[in-house]
2 protein chains.
Amino acid sequence: MSDSLKQQLVWELEMQILRCEALPGARLESQRRMVARYGVARSTVREAVAELENRGLLEVRHGGGSRVRNLLAAHFPAAEVTPEEATLGLQVQVLEAREALEGEAAYYAALRATGPEREALAAEYRRMQARAVGETTLHKAKADLTFHQLIADSCHNLLIASISQLLYSKYFHVIYAVLSGTLRKTGSYPPGIARQHAQIYQALMARDGDAARLAAAEHVAYTRRHLLESARIR
Amino acid sequence: MSDSLKQQLVWELEMQILRCEALPGARLESQRRMVARYGVARSTVREAVAELENRGLLEVRHGGGSRVRNLLAAHFPAAEVTPEEATLGLQVQVLEAREALEGEAAYYAALRATGPEREALAAEYRRMQARAVGETTLHKAKADLTFHQLIADSCHNLLIASISQLLYSKYFHVIYAVLSGTLRKTGSYPPGIARQHAQIYQALMARDGDAARLAAAEHVAYTRRHLLESARIR
DNA sequence: CGGTAAAAGTGGTCTGACCAAGAGAGTGAT
DNA sequence: ATCACTCTCTTGGTCAGACCACTTTTACCG
């Protein structure tokens, strides 16, 4: 017994989401474009999209398009951590999580990133380098996270992409405190950071998963060492 | 901010189900009749119905219409109890559950049954009386349960109606064993049964909740006494 | 560079039609 | 009385095209 056209479209769109072809936060293709792509009626598209919205996978806005939801967001309703809450202990915890997460993200991104994703990584890396001179600490922190989120987005693991997105958004002030605290105490951007970004980037382009994982983990470990040493100097 | 037409219809239909205006197992109004009743487009109706199907409240069949699902069925996936499994101990347990359930069902049905529901109860009661002569035990058991299910359906408590439906269908062979076992041992239909049905019926028609509850509970207690006495004779 | 307005894009709803599946009624045979 | 079969009607599924309402994007002006 074959499934209805609507059900087939539901599965097709669901697979796109699960396979990270449509990432959390990203716009889903418009209903009219789906009509053209799949050759079905707009009412059929609407029913399929409505089912995914109902199941919590999509957020649909009248006139505003449909977006893929972060499926973990509902399980993590904590508010964004404020600068005042960004204690040293919490900074260490966030770095621990990042070390575990970003190593694996880099590993799989090295192996799985598609052509367009690699190009996006290259463009973002160049943009990050070009802006390394003269940018404020806030911009540097944001550029760093944009780069890492791109890596997470390119590893084709919906959980890693979703967790990264939540981590970087909810704990942005903690991550920013790590960077700005280190800068305040050492007077300069730690020189290893740029080198490590380069190592991560080169491993990604070389599709060397092990090297990417090592470089990413060392990148975070290096930051943690700096953080703890700076805390000791006080 | 007002809700969409679809959302309004979803809530309207959901309320019908929760208020027992559309009972578990019953056919929902067809899509075309909803178009006429609510003055909205058929695609709007379809989207509303699809949402309720997706949430598990409805079962929709191509060409076969939509039916209200028993929301407890999914939590009670046990198969129907077979005649061989209908032990004396299980018969007693079923009677205990019936005593608790049917007393409350009768109470609220007495207070809440609508005009058409009272008419349906009256018609079913007359039909049950008319067929009391010459019917097989199986028919008598089924007529008895039809009457009690009607009472449950008329009490406007979705949980009571749903539990009753599951109890009468999954444990039909246990309930039938109670009746046929009593008949086998005493040689006749216990005379109190018809009188108790009459008492229940009269209390319902008089909208006497307390009397209905008492009569319904006594009806089951009487059946249990007979069952246990018959078991002792063996 | 910022603000505003217009245009374009998007979702929501509608009308009317046609296709496909199932339910119910009627009839005949056992 | 029951079962099987056929036909009709009802029901859901899908479609094309149109229009309304909301949001986003673009272009222009100060």
Side-chain angles (χ1 to χ4, degrees), chain A residues 1-13 16-17 22-23 25-69 136 139, chain B residues 1-13 16-17 22-69 127 130-131 133-140 142-143:
Chain A
M1 183 205 306
S2 67
D3 297 294
S4 63
L5 280 181
K6 173 185 104 172
Q7 203 56 53
Q8 293 178 47
L9 186 52
V10 163
W11 288 343
E12 169 64 29
L13 297 177
Q16 283 180 20
I17 295 173
L23 287 161
R27 282 280 203 89
L28 201 71
E29 192 168 36
S30 75
Q31 293 174 0
R32 287 172 179 83
R33 292 178 71 96
M34 287 191 212
V35 166
R37 178 190 296 275
Y38 300 108
V40 296
R42 199 171 147 233
S43 57
T44 305
V45 169
R46 284 187 56 76
E47 289 193 22
V49 167
E51 175 162 333
L52 293 173
E53 178 190 19
N54 200 253
R55 285 165 50 193
L57 279 75
L58 295 179
E59 178 181 5
V60 182
R61 296 286 182 81
H62 187 168
S66 307
R67 285 182 188 280
V68 181
R69 295 181 70 235
T136 64
H139 279 100
Chain B
M1 182 204 306
S2 67
D3 296 294
S4 63
L5 280 181
K6 172 185 104 174
Q7 203 54 52
Q8 292 179 48
L9 186 52
V10 163
W11 287 343
E12 170 64 29
L13 298 177
Q16 282 179 18
I17 295 172
L23 286 161
R27 283 280 203 89
L28 201 70
E29 192 167 37
S30 75
Q31 294 176 359
R32 287 172 179 82
R33 294 178 70 98
M34 288 191 211
V35 167
R37 176 189 298 274
Y38 299 109
V40 296
R42 199 170 146 230
S43 56
T44 304
V45 169
R46 283 185 58 73
E47 289 193 22
V49 167
E51 176 162 332
L52 293 173
E53 179 189 20
N54 199 255
R55 283 164 53 192
L57 278 76
L58 294 179
E59 177 180 6
V60 182
R61 295 288 181 80
H62 188 167
S66 307
R67 287 183 187 277
V68 181
R69 296 180 72 235
R127 195 176 308 133
R131 285 158 61 182
V133 179
E135 291 288 342
T136 64
T137 307
L138 184 62
H139 279 101
K140 283 187 172 65
K142 286 184 172 178

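The structure displayed is predicted, hence computed values, not measured ones. Lettering follows sequence order; numbering is per chain, from 1.
Shortest non-hydrogen contact noted between A:Arg27 and A:Gly64 is NE-O, 3.6 Å. The shortest non-hydrogen separation linking B:Ala50 to A:Lys6 is CB-NZ, 3.9 Å.
By the neighbour-count criterion of 12 heavy atoms within 6.0 Å, atom CZ of A:Arg55 is densely surrounded, having more than that number from other residues, nucleotides or ligands.
Between the CD atom of B:Glu29 and the P atom of D:dG12 there is a distance of 10 Å, given to the nearest Å. Distance, A:Gln31 CD to D:dT23 P: 15 Å, rounded to whole Å. One atom, CG of A:Leu58, and another, P of C:dG12, lie 11 Å apart when rounded to the nearest Å. Atom CZ of A:Arg32 is separated from atom C1' of C:dG9 by 8 Å (rounded to the nearest Å). Between A:Gln8 atom CD and D:dT14 atom C1' there is a gap of 13 Å when expressed in whole angstrom units. D:dT10 atom P lies 17 Å from atom CE of B:Met34, rounded to whole Å. Whole-Å rounding puts the A:Arg33 CZ to C:dA8 C1' distance at 14 Å. Between the P atom of D:dT11 and the CD atom of B:Glu59 lies a distance of 17 Å, rounded to the nearest Å.
Side-chain atoms of A:Arg42 and base atoms of D:dG17 include no donor and acceptor less than 3.5 Å apart.
Of the side-chain N and O atoms in B:Ser30, one or more sit less than 4.0 angstrom from OP1 or OP2 of D:dT11.
When only modelled atom types and interatomic distance are considered, A:Asp3 and A:Gln8 share no side-chain donor-acceptor pair under 3.5 Å.
Across all strands shown, B:Ser4 has heavy atoms under 4.0 Å from sugar-phosphate atoms exclusively, and none from any base.
Looking only at side-chain heavy atoms (C-beta outward), B:Leu58 and B:Leu28 come within less than 4.5 Å of each other. Side-chain atoms of A:Val45 and A:Tyr38, non-hydrogen and from C-beta on, never get closer than 4.5 Å to each other. In this structure, A:Val40 and A:Val35 have side chains that are not in contact, with every pair of non-hydrogen atoms separated by 4.5 Å or more.
Side chain of A:Arg67 to main chain of A:Gly25: a donor-acceptor pair is present (N/O by atom type, distance under 3.5 Å, no hydrogens or angles).
In this view, A:Arg69 and A:Glu59 satisfy the side-chain contact (heavy atoms from CB on, under 4.5 Å) rule, not counting sequence neighbours.
The B:Ser43 side chain lies nearest to C:dC14 when the options are C:dG12, C:dC14, D:dC15.
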Taking N or O atoms only and anything under 3.5 Å, show me the protein contacts with nucleotides 20-23 of chain C, one pair per line.
residue: C:dA20; atom: N3; partner: B:His62; partner atom: NE2; Å: 3.1
residue: C:dG22; atom: O4'; partner: B:His62; partner atom: O; Å: 3.4

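A heavy atom closer than 4.0 Å to some atom of DNA chain D occurs in A:Thr44, these being the qualifying members of residues 44-57 of chain A.
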